[in-house]
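On a predicted model such as this, the values are computed, not experimentally measured, just so you know.
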Amino acid sequence: MANVVVVGTQWGDEGKGKVVDIYAEHADVIARFQGGNNAGHTLVVGGKQTILHLIPSGILHAGKICMIGNGVVVDPQVLIEELDSLRERGLLPDNTPLFLSERAHIIMPYHRRIDVARESHGIGKKIGTTGRGIGPAYEDKIARIGIRVCDLLDEEVFREKLARNVEEKNFYLTKLFGEEPIDGTAIREEYQAYADRIRPYAADCSLLLQKEIAKGKKVLFEGAQGSHLDIDHGTFPYVTSSNTVAGNAACGTGVGPLTVRSVVGICKAYTTRVGQGPFLTELTDETGARLQQIGQEFGATTGRKRRCGWLDMVLVRHAVRVSGITGIALTKLDVLTGIEKLKICIGYRTEKEEFTESVPANLRLMDRCRPVYEELDGWTEDIRRAKRIEELPRNTRRYIERLETLAGVRLVLVSVGPDRDETISLADPFAD
(Lines give C-alpha, C1' and ligand atoms only; values in the text may rest on other atoms or scores of the structure.)
Protein backbone atom coordinates (compact mmCIF):
# COMPACT_ATOMS: atom_id res chain seq x y z
CA MET A 1 0.00 0.00 0.00
CA ALA A 2 1.17 3.54 -0.75
CA ASN A 3 1.87 6.11 1.92
CA VAL A 4 0.41 9.48 0.94
CA VAL A 5 1.61 13.06 1.40
CA VAL A 6 -0.91 15.90 1.23
CA VAL A 7 0.44 19.34 0.30
CA GLY A 8 -1.01 22.63 -0.90
CA THR A 9 -0.29 23.79 -4.45
CA GLN A 10 -0.91 27.51 -3.91
CA TRP A 11 -0.35 29.91 -0.98
CA GLY A 12 -2.13 27.75 1.56
CA ASP A 13 -5.82 27.77 2.53
CA GLU A 14 -6.58 25.28 -0.25
CA GLY A 15 -8.78 23.05 1.89
CA LYS A 16 -6.18 20.54 3.07
CA GLY A 17 -8.07 19.97 6.31
CA LYS A 18 -11.11 18.52 4.58
CA VAL A 19 -9.05 16.35 2.23
CA VAL A 20 -6.87 15.03 5.06
CA ASP A 21 -10.03 14.32 7.04
CA ILE A 22 -11.43 12.29 4.13
CA TYR A 23 -8.22 10.34 3.52
CA ALA A 24 -7.71 9.80 7.25
CA GLU A 25 -10.62 7.38 7.16
CA HIS A 26 -8.51 5.07 4.98
CA ALA A 27 -5.19 5.65 6.78
CA ASP A 28 -3.85 4.04 9.94
CA VAL A 29 -1.46 6.84 10.89
CA ILE A 30 -1.72 10.59 10.28
CA ALA A 31 1.53 12.52 10.77
CA ARG A 32 1.98 16.30 10.66
CA PHE A 33 5.46 17.16 9.35
CA GLN A 34 6.02 20.95 9.40
CA GLY A 35 4.75 24.38 10.40
CA GLY A 36 3.17 25.48 13.63
CA ASN A 37 -0.01 27.10 14.88
CA ASN A 38 0.27 29.76 12.16
CA ALA A 39 -1.83 27.46 10.00
CA GLY A 40 -5.36 26.28 10.62
CA HIS A 41 -7.14 23.34 9.03
CA THR A 42 -10.90 23.81 8.89
CA LEU A 43 -13.11 20.72 8.93
CA VAL A 44 -16.88 20.63 8.50
CA VAL A 45 -18.49 17.40 9.65
CA GLY A 46 -22.25 17.15 9.94
CA GLY A 47 -22.51 20.87 9.42
CA LYS A 48 -20.29 21.61 12.44
CA GLN A 49 -16.96 23.39 11.96
CA THR A 50 -13.74 22.39 13.71
CA ILE A 51 -10.46 24.27 13.30
CA LEU A 52 -7.21 22.50 14.16
CA HIS A 53 -3.85 24.25 14.34
CA LEU A 54 -1.41 21.62 15.60
CA ILE A 55 -3.19 18.32 16.05
CA PRO A 56 -3.46 16.27 12.83
CA SER A 57 -6.89 16.36 11.21
CA GLY A 58 -7.18 12.59 11.60
CA ILE A 59 -7.87 13.07 15.29
CA LEU A 60 -11.59 13.20 14.50
CA HIS A 61 -11.49 9.54 13.44
CA ALA A 62 -11.58 6.96 16.23
CA GLY A 63 -8.69 4.53 16.49
CA LYS A 64 -6.23 6.43 14.26
CA ILE A 65 -2.65 7.03 15.37
CA CYS A 66 -1.86 10.76 15.16
CA MET A 67 1.65 12.18 15.31
CA ILE A 68 3.11 15.67 15.51
CA GLY A 69 6.50 15.26 13.87
CA ASN A 70 9.92 16.69 14.63
CA GLY A 71 9.55 19.21 11.78
CA VAL A 72 6.73 21.03 13.58
CA VAL A 73 7.35 23.91 15.99
CA VAL A 74 4.97 23.54 18.92
CA ASP A 75 3.44 26.17 21.16
CA PRO A 76 2.56 24.02 24.20
CA GLN A 77 -0.13 26.40 25.39
CA VAL A 78 -1.91 26.17 22.03
CA LEU A 79 -1.54 22.38 21.95
CA ILE A 80 -3.04 22.02 25.43
CA GLU A 81 -5.91 24.40 24.63
CA GLU A 82 -6.63 22.44 21.47
CA LEU A 83 -6.69 19.14 23.35
CA ASP A 84 -8.98 20.56 26.03
CA SER A 85 -11.34 22.06 23.44
CA LEU A 86 -11.67 18.79 21.56
CA ARG A 87 -12.38 16.91 24.77
CA GLU A 88 -15.01 19.42 25.87
CA ARG A 89 -16.81 18.99 22.54
CA GLY A 90 -16.57 15.21 22.67
CA LEU A 91 -14.34 15.15 19.58
CA LEU A 92 -11.31 13.46 21.12
CA PRO A 93 -12.03 9.73 21.30
CA ASP A 94 -10.32 8.01 24.22
CA ASN A 95 -8.91 5.32 21.94
CA THR A 96 -7.09 7.80 19.65
CA PRO A 97 -3.34 7.61 20.29
CA LEU A 98 -1.61 11.00 19.94
CA PHE A 99 2.17 11.31 19.95
CA LEU A 100 4.39 14.40 19.99
CA SER A 101 7.94 14.06 18.74
CA GLU A 102 10.47 14.58 21.51
CA ARG A 103 12.65 16.25 18.87
CA ALA A 104 10.10 18.91 17.93
CA HIS A 105 11.11 22.46 18.84
CA ILE A 106 9.12 24.56 21.29
CA ILE A 107 7.80 28.06 20.63
CA MET A 108 8.68 30.32 23.56
CA PRO A 109 7.18 33.69 24.61
CA TYR A 110 10.27 35.53 23.40
CA HIS A 111 9.72 34.10 19.92
CA ARG A 112 6.29 35.74 19.78
CA ARG A 113 7.65 39.00 21.18
CA ILE A 114 10.40 39.16 18.55
CA ASP A 115 7.98 38.23 15.76
CA VAL A 116 5.64 41.10 16.61
CA ALA A 117 8.44 43.59 17.33
CA ARG A 118 9.99 43.13 13.90
CA GLU A 119 6.75 43.89 12.09
CA SER A 120 5.67 46.76 14.33
CA HIS A 121 9.06 48.49 14.37
CA GLY A 122 9.51 48.27 10.62
CA ILE A 123 12.76 46.32 10.67
CA GLY A 124 12.93 45.22 7.05
CA LYS A 125 9.88 44.68 4.84
CA LYS A 126 6.61 43.62 6.40
CA ILE A 127 5.90 40.07 5.31
CA GLY A 128 2.51 39.60 6.94
CA THR A 129 3.59 37.30 9.76
CA THR A 130 0.90 35.94 12.05
CA GLY A 131 2.96 36.96 15.09
CA ARG A 132 2.81 33.44 16.49
CA GLY A 133 6.60 33.15 16.85
CA ILE A 134 7.01 30.54 14.13
CA GLY A 135 9.89 32.19 12.28
CA PRO A 136 11.97 33.03 15.37
CA ALA A 137 11.48 29.46 16.66
CA TYR A 138 12.83 28.03 13.41
CA GLU A 139 15.69 30.55 13.58
CA ASP A 140 16.72 29.20 16.98
CA LYS A 141 16.50 25.68 15.61
CA ILE A 142 18.93 26.51 12.81
CA ALA A 143 21.15 28.47 15.22
CA ARG A 144 21.22 25.35 17.44
CA ILE A 145 19.95 27.16 20.50
CA GLY A 146 16.32 26.05 20.30
CA ILE A 147 14.49 24.25 23.09
CA ARG A 148 13.00 20.91 22.10
CA VAL A 149 10.24 18.88 23.71
CA CYS A 150 12.82 16.56 25.27
CA ASP A 151 14.62 19.61 26.73
CA LEU A 152 11.40 20.97 28.21
CA LEU A 153 10.77 17.61 29.90
CA ASP A 154 14.24 17.66 31.54
CA GLU A 155 14.03 20.36 34.20
CA GLU A 156 17.78 20.87 34.51
CA VAL A 157 18.37 21.10 30.78
CA PHE A 158 15.40 23.40 30.35
CA ARG A 159 16.55 25.75 33.10
CA GLU A 160 20.04 26.01 31.59
CA LYS A 161 18.90 26.59 27.99
CA LEU A 162 16.19 29.03 29.00
CA ALA A 163 18.57 31.18 31.06
CA ARG A 164 21.02 31.45 28.17
CA ASN A 165 18.30 32.29 25.66
CA VAL A 166 16.58 34.84 27.90
CA GLU A 167 19.84 36.75 28.27
CA GLU A 168 20.32 36.87 24.49
CA LYS A 169 16.69 37.68 23.65
CA ASN A 170 16.49 40.47 26.23
CA PHE A 171 19.56 42.12 24.73
CA TYR A 172 17.90 41.89 21.32
CA LEU A 173 14.51 43.16 22.50
CA THR A 174 15.78 46.04 24.63
CA LYS A 175 18.74 47.28 22.59
CA LEU A 176 17.37 46.95 19.05
CA PHE A 177 13.64 47.48 19.56
CA GLY A 178 13.53 49.41 22.85
CA GLU A 179 11.07 46.85 24.20
CA GLU A 180 10.59 45.73 27.79
CA PRO A 181 12.66 42.66 28.78
CA ILE A 182 11.07 39.26 29.30
CA ASP A 183 10.85 37.60 32.72
CA GLY A 184 12.78 34.33 32.62
CA THR A 185 11.48 33.12 35.98
CA ALA A 186 7.85 33.56 34.96
CA ILE A 187 8.50 31.71 31.70
CA ARG A 188 10.19 28.84 33.51
CA GLU A 189 7.27 28.39 35.91
CA GLU A 190 4.70 28.62 33.13
CA TYR A 191 6.47 26.13 30.87
CA GLN A 192 7.22 23.63 33.61
CA ALA A 193 3.46 23.39 34.12
CA TYR A 194 3.07 22.77 30.38
CA ALA A 195 5.70 20.04 30.60
CA ASP A 196 3.54 18.04 32.99
CA ARG A 197 0.61 18.25 30.57
CA ILE A 198 2.45 17.20 27.40
CA ARG A 199 4.71 14.56 28.96
CA PRO A 200 2.28 11.68 28.29
CA TYR A 201 2.36 12.43 24.54
CA ALA A 202 6.13 12.77 24.04
CA ALA A 203 7.70 9.92 22.07
CA ASP A 204 10.28 8.90 19.48
CA CYS A 205 7.86 9.38 16.60
CA SER A 206 10.42 8.32 14.00
CA LEU A 207 10.73 4.89 15.62
CA LEU A 208 7.00 4.50 16.16
CA LEU A 209 6.27 5.51 12.59
CA GLN A 210 8.81 3.09 11.16
CA LYS A 211 7.32 0.23 13.19
CA GLU A 212 3.86 0.98 11.82
CA ILE A 213 5.20 1.13 8.26
CA ALA A 214 6.97 -2.21 8.78
CA LYS A 215 3.59 -3.69 9.72
CA GLY A 216 2.20 -2.53 6.38
CA LYS A 217 0.13 0.26 7.90
CA LYS A 218 -0.95 3.17 5.71
CA VAL A 219 0.47 6.57 6.62
CA LEU A 220 -0.96 9.95 5.67
CA PHE A 221 1.58 12.78 5.93
CA GLU A 222 -0.12 16.11 6.57
CA GLY A 223 1.51 19.40 5.61
CA ALA A 224 0.54 22.98 6.42
CA GLN A 225 0.52 26.16 4.33
CA GLY A 226 1.14 25.80 0.58
CA SER A 227 3.96 25.16 -1.87
CA HIS A 228 4.47 28.85 -2.64
CA LEU A 229 5.01 29.60 1.04
CA ASP A 230 7.96 27.17 1.07
CA ILE A 231 11.13 28.79 2.46
CA ASP A 232 13.13 27.63 -0.59
CA HIS A 233 10.61 27.29 -3.40
CA GLY A 234 8.05 29.96 -2.52
CA THR A 235 7.77 33.69 -3.21
CA PHE A 236 10.59 34.57 -0.83
CA PRO A 237 10.61 36.53 1.50
CA TYR A 238 6.80 36.39 1.63
CA VAL A 239 6.89 32.79 2.78
CA THR A 240 6.73 30.70 5.93
CA SER A 241 9.84 29.51 7.77
CA SER A 242 9.80 25.83 6.86
CA ASN A 243 9.76 23.58 3.81
CA THR A 244 6.14 22.99 2.88
CA VAL A 245 6.86 20.78 -0.14
CA ALA A 246 6.37 17.01 -0.11
CA GLY A 247 10.08 16.23 0.28
CA ASN A 248 9.95 17.52 3.85
CA ALA A 249 7.45 14.84 4.85
CA ALA A 250 10.34 12.39 5.30
CA CYS A 251 12.67 14.82 7.08
CA GLY A 252 9.90 16.28 9.24
CA THR A 253 8.82 12.90 10.62
CA GLY A 254 12.06 10.89 10.58
CA VAL A 255 11.48 8.33 7.83
CA GLY A 256 13.29 7.59 4.57
CA PRO A 257 12.19 9.28 1.33
CA LEU A 258 11.28 5.94 -0.29
CA THR A 259 8.50 5.69 2.29
CA VAL A 260 6.43 8.10 0.20
CA ARG A 261 4.67 6.62 -2.82
CA SER A 262 1.92 9.11 -3.59
CA VAL A 263 1.61 12.91 -3.31
CA VAL A 264 -1.78 14.61 -3.46
CA GLY A 265 -1.69 18.34 -4.23
CA ILE A 266 -4.66 20.34 -2.99
CA CYS A 267 -5.74 22.99 -5.49
CA LYS A 268 -8.48 25.51 -4.86
CA ALA A 269 -10.63 26.22 -7.95
CA TYR A 270 -9.46 29.82 -7.73
CA THR A 271 -6.45 31.40 -6.00
CA THR A 272 -6.21 33.13 -2.61
CA ARG A 273 -3.45 34.63 -0.54
CA VAL A 274 -3.23 36.04 2.99
CA GLY A 275 -0.79 38.82 3.81
CA GLN A 276 1.82 40.49 1.64
CA GLY A 277 3.50 39.29 -1.53
CA PRO A 278 2.95 39.11 -5.31
CA PHE A 279 -0.37 37.87 -6.66
CA LEU A 280 -0.65 38.30 -10.43
CA THR A 281 -4.22 37.02 -10.84
CA GLU A 282 -5.63 38.98 -7.89
CA LEU A 283 -9.08 40.49 -8.44
CA THR A 284 -9.92 43.75 -6.69
CA ASP A 285 -13.29 44.11 -8.42
CA GLU A 286 -16.78 42.73 -7.76
CA THR A 287 -15.73 39.22 -8.81
CA GLY A 288 -12.92 39.19 -6.25
CA ALA A 289 -15.32 40.40 -3.56
CA ARG A 290 -17.80 37.70 -4.59
CA LEU A 291 -15.19 34.95 -4.28
CA GLN A 292 -14.17 36.28 -0.87
CA GLN A 293 -17.74 36.42 0.40
CA ILE A 294 -19.13 33.16 -1.00
CA GLY A 295 -15.93 31.25 -0.32
CA GLN A 296 -15.80 32.63 3.23
CA GLU A 297 -12.19 33.52 2.65
CA PHE A 298 -11.02 34.44 6.11
CA GLY A 299 -7.82 33.07 7.67
CA ALA A 300 -8.60 30.17 10.02
CA THR A 301 -5.79 31.33 12.32
CA THR A 302 -5.83 35.13 12.01
CA GLY A 303 -9.33 35.90 10.73
CA ARG A 304 -7.77 38.16 8.08
CA LYS A 305 -9.53 38.51 4.72
CA ARG A 306 -7.87 36.50 1.98
CA ARG A 307 -7.03 38.18 -1.30
CA CYS A 308 -8.85 36.38 -4.12
CA GLY A 309 -8.17 35.92 -7.83
CA TRP A 310 -8.44 33.63 -10.83
CA LEU A 311 -6.84 30.19 -10.84
CA ASP A 312 -3.12 30.50 -11.61
CA MET A 313 -1.86 27.33 -13.27
CA VAL A 314 1.71 28.64 -13.39
CA LEU A 315 1.75 28.32 -9.60
CA VAL A 316 0.11 24.90 -9.70
CA ARG A 317 2.53 23.48 -12.28
CA HIS A 318 5.45 24.75 -10.20
CA ALA A 319 4.02 22.93 -7.18
CA VAL A 320 3.53 19.75 -9.21
CA ARG A 321 7.20 19.83 -10.18
CA VAL A 322 8.82 20.59 -6.81
CA SER A 323 6.64 18.17 -4.84
CA GLY A 324 6.35 15.37 -7.40
CA ILE A 325 2.58 15.55 -7.18
CA THR A 326 0.87 12.43 -8.52
CA GLY A 327 -2.74 13.52 -8.14
CA ILE A 328 -4.71 16.74 -7.59
CA ALA A 329 -7.62 17.26 -5.24
CA LEU A 330 -9.72 20.17 -6.47
CA THR A 331 -11.55 22.13 -3.77
CA LYS A 332 -14.18 24.87 -3.50
CA LEU A 333 -15.44 24.31 -7.04
CA ASP A 334 -18.93 25.27 -5.90
CA VAL A 335 -17.78 28.83 -5.13
CA LEU A 336 -17.43 29.51 -8.87
CA THR A 337 -21.11 28.73 -9.51
CA GLY A 338 -22.95 31.71 -10.97
CA ILE A 339 -19.96 33.48 -12.53
CA GLU A 340 -20.70 33.94 -16.24
CA LYS A 341 -17.13 33.87 -17.57
CA LEU A 342 -14.24 32.14 -15.81
CA LYS A 343 -10.55 32.73 -16.43
CA ILE A 344 -7.55 30.47 -15.96
CA CYS A 345 -4.01 31.85 -16.05
CA ILE A 346 -1.91 29.65 -18.36
CA GLY A 347 1.30 31.69 -18.31
CA TYR A 348 2.89 35.07 -17.70
CA ARG A 349 3.90 37.79 -20.15
CA THR A 350 7.19 39.35 -19.09
CA GLU A 351 8.22 43.00 -19.31
CA LYS A 352 9.95 42.11 -22.60
CA GLU A 353 6.70 40.60 -23.91
CA GLU A 354 8.10 37.08 -23.60
CA PHE A 355 5.73 34.26 -22.64
CA THR A 356 6.87 32.20 -19.66
CA GLU A 357 5.41 29.27 -17.75
CA SER A 358 7.74 29.62 -14.76
CA VAL A 359 7.43 31.56 -11.52
CA PRO A 360 10.25 34.13 -11.44
CA ALA A 361 12.48 33.87 -8.38
CA ASN A 362 13.15 37.62 -8.56
CA LEU A 363 9.98 39.27 -7.25
CA ARG A 364 10.77 42.56 -9.01
CA LEU A 365 10.58 40.64 -12.27
CA MET A 366 7.45 38.84 -11.16
CA ASP A 367 5.71 42.12 -10.32
CA ARG A 368 6.36 43.28 -13.87
CA CYS A 369 4.73 40.19 -15.39
CA ARG A 370 1.14 40.08 -16.60
CA PRO A 371 -1.09 37.01 -16.49
CA VAL A 372 -2.09 35.38 -19.77
CA TYR A 373 -5.65 34.05 -19.53
CA GLU A 374 -7.88 31.50 -21.18
CA GLU A 375 -11.60 32.20 -20.82
CA LEU A 376 -14.22 29.52 -20.23
CA ASP A 377 -17.99 29.63 -19.89
CA GLY A 378 -19.26 29.34 -16.34
CA TRP A 379 -22.32 27.53 -14.97
CA THR A 380 -25.35 28.39 -12.85
CA GLU A 381 -26.49 24.93 -11.75
CA ASP A 382 -26.11 23.84 -8.11
CA ILE A 383 -23.33 21.25 -8.03
CA ARG A 384 -23.19 20.45 -4.31
CA ARG A 385 -25.33 17.31 -4.61
CA ALA A 386 -23.23 15.73 -7.35
CA LYS A 387 -21.73 12.36 -6.43
CA ARG A 388 -20.16 11.55 -9.81
CA ILE A 389 -18.31 13.65 -12.37
CA GLU A 390 -21.01 12.80 -14.92
CA GLU A 391 -23.57 14.61 -12.75
CA LEU A 392 -21.73 17.93 -13.04
CA PRO A 393 -22.83 20.50 -15.66
CA ARG A 394 -20.99 20.36 -18.98
CA ASN A 395 -19.20 23.68 -18.40
CA THR A 396 -18.08 22.53 -14.96
CA ARG A 397 -16.58 19.39 -16.46
CA ARG A 398 -14.81 21.49 -19.12
CA TYR A 399 -13.28 23.65 -16.41
CA ILE A 400 -11.86 20.75 -14.44
CA GLU A 401 -10.73 18.92 -17.58
CA ARG A 402 -8.79 22.00 -18.65
CA LEU A 403 -7.23 22.26 -15.20
CA GLU A 404 -6.20 18.61 -15.36
CA THR A 405 -4.63 19.08 -18.79
CA LEU A 406 -2.72 22.20 -17.77
CA ALA A 407 -1.45 20.58 -14.57
CA GLY A 408 -0.32 17.45 -16.38
CA VAL A 409 -1.61 15.41 -13.46
CA ARG A 410 -4.87 13.51 -13.01
CA LEU A 411 -7.57 14.62 -10.59
CA VAL A 412 -8.16 12.22 -7.71
CA LEU A 413 -10.86 14.18 -5.87
CA VAL A 414 -13.29 17.04 -6.48
CA SER A 415 -14.87 18.91 -3.59
CA VAL A 416 -18.26 20.43 -4.45
CA GLY A 417 -19.07 21.77 -0.98
CA PRO A 418 -17.58 22.24 2.48
CA ASP A 419 -19.05 19.17 4.18
CA ARG A 420 -17.27 15.83 4.24
CA ASP A 421 -19.90 14.10 2.08
CA GLU A 422 -19.92 16.85 -0.58
CA THR A 423 -17.05 15.20 -2.37
CA ILE A 424 -16.51 13.26 -5.59
CA SER A 425 -13.75 10.69 -5.21
CA LEU A 426 -12.07 9.68 -8.48
CA ALA A 427 -9.17 7.54 -7.26
CA ASP A 428 -7.76 6.11 -4.05
CA PRO A 429 -4.22 7.48 -3.56
CA PHE A 430 -3.44 4.67 -1.12
CA ALA A 431 -4.00 2.10 -3.87
CA ASP A 432 -1.18 3.41 -6.09
Side-chain angles (χ1 to χ4, degrees), residues 4-17 19-20 31-41 53 69-73 104-105 115 125 127-130 132-139 141-142 221-253 257 260 263-268 271-281 299-301 306-307 312-329 331 348 357-363 365-367 407 409:
V4 178
V5 180
V6 171
V7 295
T9 63
Q10 296 152 307
W11 282 299
D13 310 311
E14 301 97 346
K16 292 182 294 299
V19 176
V20 170
R32 169 84 178 269
F33 64 84
Q34 54 78 216
N37 60 300
N38 56 337
H41 285 177
H53 297 92
N70 55 274
V72 180
V73 287
H105 280 247
D115 211 357
K125 287 186 177 181
I127 58 174
T129 175
T130 61
R132 302 300 199 271
I134 310 301
Y138 275 116
E139 287 176 32
K141 177 178 180 177
I142 299 305
F221 296 93
E222 176 183 0
Q225 287 95 24
S227 294
H228 294 276
L229 292 177
D230 185 276
I231 189 68
D232 289 306
H233 302 287
T235 48
F236 187 90
Y238 303 102
V239 293
T240 193
S241 301
S242 60
N243 288 112
T244 63
V245 296
N248 195 30
C251 183
T253 57
V260 176
V263 181
V264 175
I266 315 302
C267 176
K268 193 180 288 186
T271 307
T272 63
R273 175 162 207 170
V274 172
Q276 305 297 314
F279 187 172
L280 295 189
T281 65
T301 299
R306 297 177 185 139
R307 301 153 63 191
D312 188 337
M313 291 305 298
V314 181
L315 297 178
V316 176
R317 284 195 297 267
H318 181 97
V320 169
R321 183 176 70 253
V322 297
S323 278
I325 290 170
T326 57
I328 285 181
T331 61
Y348 301 152
E357 296 183 28
S358 68
V359 181
N362 186 323
L363 296 194
L365 298 180
M366 187 172 181
D367 283 337
V409 178

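Using a 4.5 Å heavy-atom cutoff, the side chains of Met313 and Val316 are in contact. Within the 4.5 Å cutoff, the side chain of Cys267 has no heavy atoms near those of the Glu14 side chain.
Scanning both residues, Pro360 and Leu365, for their nearest heavy atoms gives CB-CB, 4.4 Å. Between Ser358 and Tyr348, the closest heavy-atom pair is O-CD1, 3.7 Å. The two residues Lys141 and Asn70 have their closest heavy-atom pair at NZ-O, 3.7 Å. Nearest heavy atoms, Leu229 versus Val239: O-CB, 3.3 Å. Minimum heavy-atom separation, Val245 to Asp230: N-OD2, 3.2 Å. Residues Val264 and Ala329 approach most closely at CG1-CB, 3.9 Å, considering heavy atoms.
With respect to the salt-bridge test (charged N to carboxylate O, under 4.0 angstrom), the residues Asp13 and Arg306 qualify.
Between the OG1 atom of Thr244 and the CD atom of Gln225 there is a distance of 7.0 Å, given to the nearest 0.5 Å. Residue Gln34 holds its CD atom at 11.5 Å from CD1 of Ile231, rounded to the nearest 0.5 Å. Here Arg32 contributes atom CZ and His53 contributes atom NE2; the two are 10.0 Å apart, rounded to the nearest 0.5 Å.
Annotation: side chain to side chain contact (heavy atoms under 4.5 Å, CB included) contacts of Ala319 (sequence neighbours excluded): Thr9, Ser227, His228, Ile325. With sequence neighbours excluded, no residue forms a ring pair (Phe, Tyr, Trp, His ring centres under 6.0 Å) with His233.
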